[in-house]
Chemist: 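Following this message is one structure expressed as structure tokens.
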Amino acid sequence: MSEILKVLKGTKDILPQDIDMWHFVEKTAEDVFSKYGYKEIRTPIIEVTELFSRGVGETTDIVNKEMYTFERSNRSITLRPENTAGVVRSFIENGMSRLPSPVKLWYKGPMFRYERPQAGRQRQFHQVGVEMFGIEKPVADAEIILTAVNFLKSLGLSHLEVELNSLGCPKCREEFKKKLKEAIRPYLNDLCEDCQKRFETNPLRLLDCKVEDCKYIYAKNEIQDVIMSDFLCDDCKAHYDELKMYLDKLNVHYKEDKHLVRGLDYYNRTVFEIKSKSLGSQNAVCGGGRYDHLVEQLGGEPTPAIGFAMGMERLISLLPKKESKRLDAYIVTNFKTDGFIFAEELRGEGLNVEFDLANKKFTKQLEKASKIAKYALILGEDEIEKHHVSIKNLDTGKQVVVNRADCINFLK
Ligand code: ATP
Ligand code: MG
């Protein structure tokens, strides 16, 4: 097939037969996040490149290798690879720090990363996420995690595991980084090229490497034994302990993963991921954490913040397949004008209704009705004359004749 008739590698059409699943996830997000007081925000898909290089971090994979960047009017512009930076930009630009805190925002939409396409990994994918601004206390961390867990529960997803860690603050993390590097240094030559670079620029990110040989090295006891929790300062430790206390009291099950770090630079203190055992190697459905310095770093008032993002394709792949929604009724008739008028009446009453636009034979119309609708509404000669309609239940085959005026009540 000619190249112009193929979607780009790593991108996908979301087809009508799958759209109900997407609507279900989006509607559930709106319902659950609203319960927790979040308002939806829609920011542009394009932003100034520097927002991401400064926000997400110069030394991250996303900024180094994965961004779709182009020039327009001497400006470097990037398709958003994630949405926290954009939401923070909007928070600052629109003076939202003047609003009573916390400010709670949620979003959904496409993100773009130039990654190697594989199961669970696309170049255009979709995320739904939340950001909460203004609260430094661990009660916010607990509520965010609960929001994520309850959203997943409302989707009907169980068997998901919350993994939790604290990255401390820039101060207490320094000592951890130093000790981690000491433990890893003997293996430096055996690490992948990326890790050799990260060793100096961003040693924490070593622990997030997906290369098997590297993972094998980092699983060694002397490296596993160097954990952030041993280096947390009093404040960071108290924050982490209080978060765990809330989660315990609220019956949120979690596992501490003492080497959990995240692919983006902006996190401090709490980081978490939610994973599904049934997803293979791309098994994270949710990643989140606290980013208390990002707002200030991008030029706003110092504002503590925390958030998470979930991959919608991965969520949808975990849901049972939904049958496509059927029309409420299909009008079967050779009296086009009557059919048209009747269809409009029913649509006006809120029903989803079609009638034959293609001049098909009566039997063909009935065939089509049985494929796409719950009821066939038949207007034959007799029905037209008496102002009746024959209603055929397309699941049971049962048919009744009613006054046309009673049809709505019958269908509802
Ligand atoms: P991973 O470790 O799987 O690469 P990540 O740490 O890069 O994930 P985040 O930036 O935290 O991911 O994004 C949050 C969620 O978005 C992930 O948990 C995942 O569900 C989803 N996600 C990230 N990248 C992709 C992608 N390329 N294709 C599909 N979903 C993705
Ligand atoms: Mg990634």
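Read the numbers this way: they start at 1 and go in the same order the structure lists the ligands and their atoms. What's counted below: heavy atoms across the whole structure, side chains too, no hydrogens, waters or symmetry copies.
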Chemist: Please lay out, stage by stage, how D194 and K65 fare under the test salt bridge (Lys or Arg N to Asp or Glu O under 4.0 Å).
Modeler: CA-CA 11 Å; D194 281 338; K65 325 189 251 200; 2.5 Å; yes
Chemist: With a cut-off of 4.0 Å, which atoms of ligand 1 are near a heavy atom of K210?
Modeler: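 Answer, ordered by atom number: 1 (P), 2 (O), 4 (O).
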Chemist: Do D248 and Y254 have a side chain donor and acceptor closer than 3.5 Å?
Modeler: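 The criterion, which ignores hydrogens and geometry beyond distance, is satisfied for Y254 and D248.
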Chemist: Do T11 and Q122 pair up side chain to side chain, a donor and an acceptor below 3.5 Å, judged on atom types alone?
Modeler: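 Judged by distance alone, the side chains do not pair up.
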Chemist: Decide whether Q399 and Y375 meet the rule of one side-chain donor and one side-chain acceptor closer than 3.5 Å.
Modeler: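 Absent: no donor and acceptor within the cut-off.
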Chemist: For atom 1 (P) of ligand 1, grab the closest protein heavy atom and report residue, atom and distance to one decimal in Å.
Modeler: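 So the nearest neighbour among protein heavy atoms is R121 NH2, 3.6 Å.
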Chemist: Looking only at side-chain N and O atoms, does N165 offer a donor or acceptor that is under 3.5 Å from a partner on D257?
Modeler: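 No, N165 and D257 have no side-chain donor paired with an acceptor closer than 3.5 Å.
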Chemist: Under 4.0 Å from a heavy atom of A284: which atoms of ligand 1 are those, numbered in the order shown and with their elements?
Modeler: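 Counting atoms of ligand 1 from 1, those under 4.0 Å from A284 are 17 (C), 18 (O), 19 (C), 20 (O).
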Chemist: Does G311 reach ligand 1 with a nitrogen or oxygen that is under 3.5 Å from one of the ligand's nitrogen or oxygen atoms?
Modeler: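 It does: an N or O of G311 is found under 3.5 Å from an N or O of ligand 1.
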Chemist: Just to be sure I'm reading this right: ignoring hydrogens, which of R262, R113, R116 gets closest to atom 10 (O) of ligand 1? Compare them by their nearest heavy atoms.
Modeler: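 Answer by nearest heavy atom: R113.
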Chemist: Side chains of T59 and T201 only: does a donor on one sit below 3.5 Å from an acceptor on the other?
Modeler: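 Not at all, the side chains of T59 and T201 share no donor-acceptor pair under 3.5 Å.
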Chemist: Kindly compute the distance separating OG1 (T270) from CG (D292), expressed to the nearest 0.5 Å.
Modeler: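 Rounded to the nearest 0.5 Å, the OG1-CG separation comes out at 8.5 Å.
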Chemist: In the complex you have, is atom 6 (O) of ligand 1 within reach of the protein, judged by whether a heavy-atom distance drops under 4.0 Å?
Modeler: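 Protein heavy atom within 4.0 Å of atom 6 (O) of ligand 1: present.
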Chemist: In the protein, what heavy atom is nearest to atom 30 (N) of ligand 1, and what distance, to one decimal place, separates them?
Modeler: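 Ranking protein heavy atoms by distance from atom 30 (N) of ligand 1, first comes F125 CD1, 3.5 Å.
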Chemist: With a cut-off of 4.0 Å, which atoms of ligand 1 are near a heavy atom of G120?
Modeler: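 Going through ligand 1 atom by atom, the ones under 4.0 Å from G120 are 28 (N), 29 (C), 30 (N).
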Chemist: Short list, please: which atoms of ligand 1 are under 4.0 Å from a heavy atom of V285?
Modeler: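 Result: 18 (O), 20 (O).
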Chemist: We want to know whether Q297 and Y291 form a side-chain donor-acceptor pair, criterion being a heavy-atom distance below 3.5 angstrom.
Modeler: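 On atom types as modelled, these side chains do not qualify, holding no pair under 3.5 Å.
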Chemist: For ligand 1, is there an N or O atom under 3.5 Å from any N or O atom of Q127?
Modeler: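 Yes: some nitrogen or oxygen of Q127 is under 3.5 Å from one in ligand 1.
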Chemist: Nearest to atom 28 (N) of ligand 1, what protein heavy atom do you find, and at what distance?
Modeler: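 Its nearest protein heavy-atom neighbour is Q122 N, 2.9 Å.
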Chemist: With a cut-off of 4.0 Å, which atoms of ligand 1 are near a heavy atom of E115?
Modeler: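 Answer, ordered by atom number: 24 (N), 26 (C), 27 (N).
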Chemist: Would E273 count as being in polar contact with ligand 1, using the rule that some N or O on each side must be under 3.5 angstrom apart?
Modeler: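 Between E273 and ligand 1 (N or O atoms, distance only) the closest approach is not under 3.5 Å.
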Chemist: Return the OG to CD distance between S53 and E58, rounded to the nearest 0.5 Å.
Modeler: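 Rounded to the nearest 0.5 Å, the OG-CD separation comes out at 4.5 Å.
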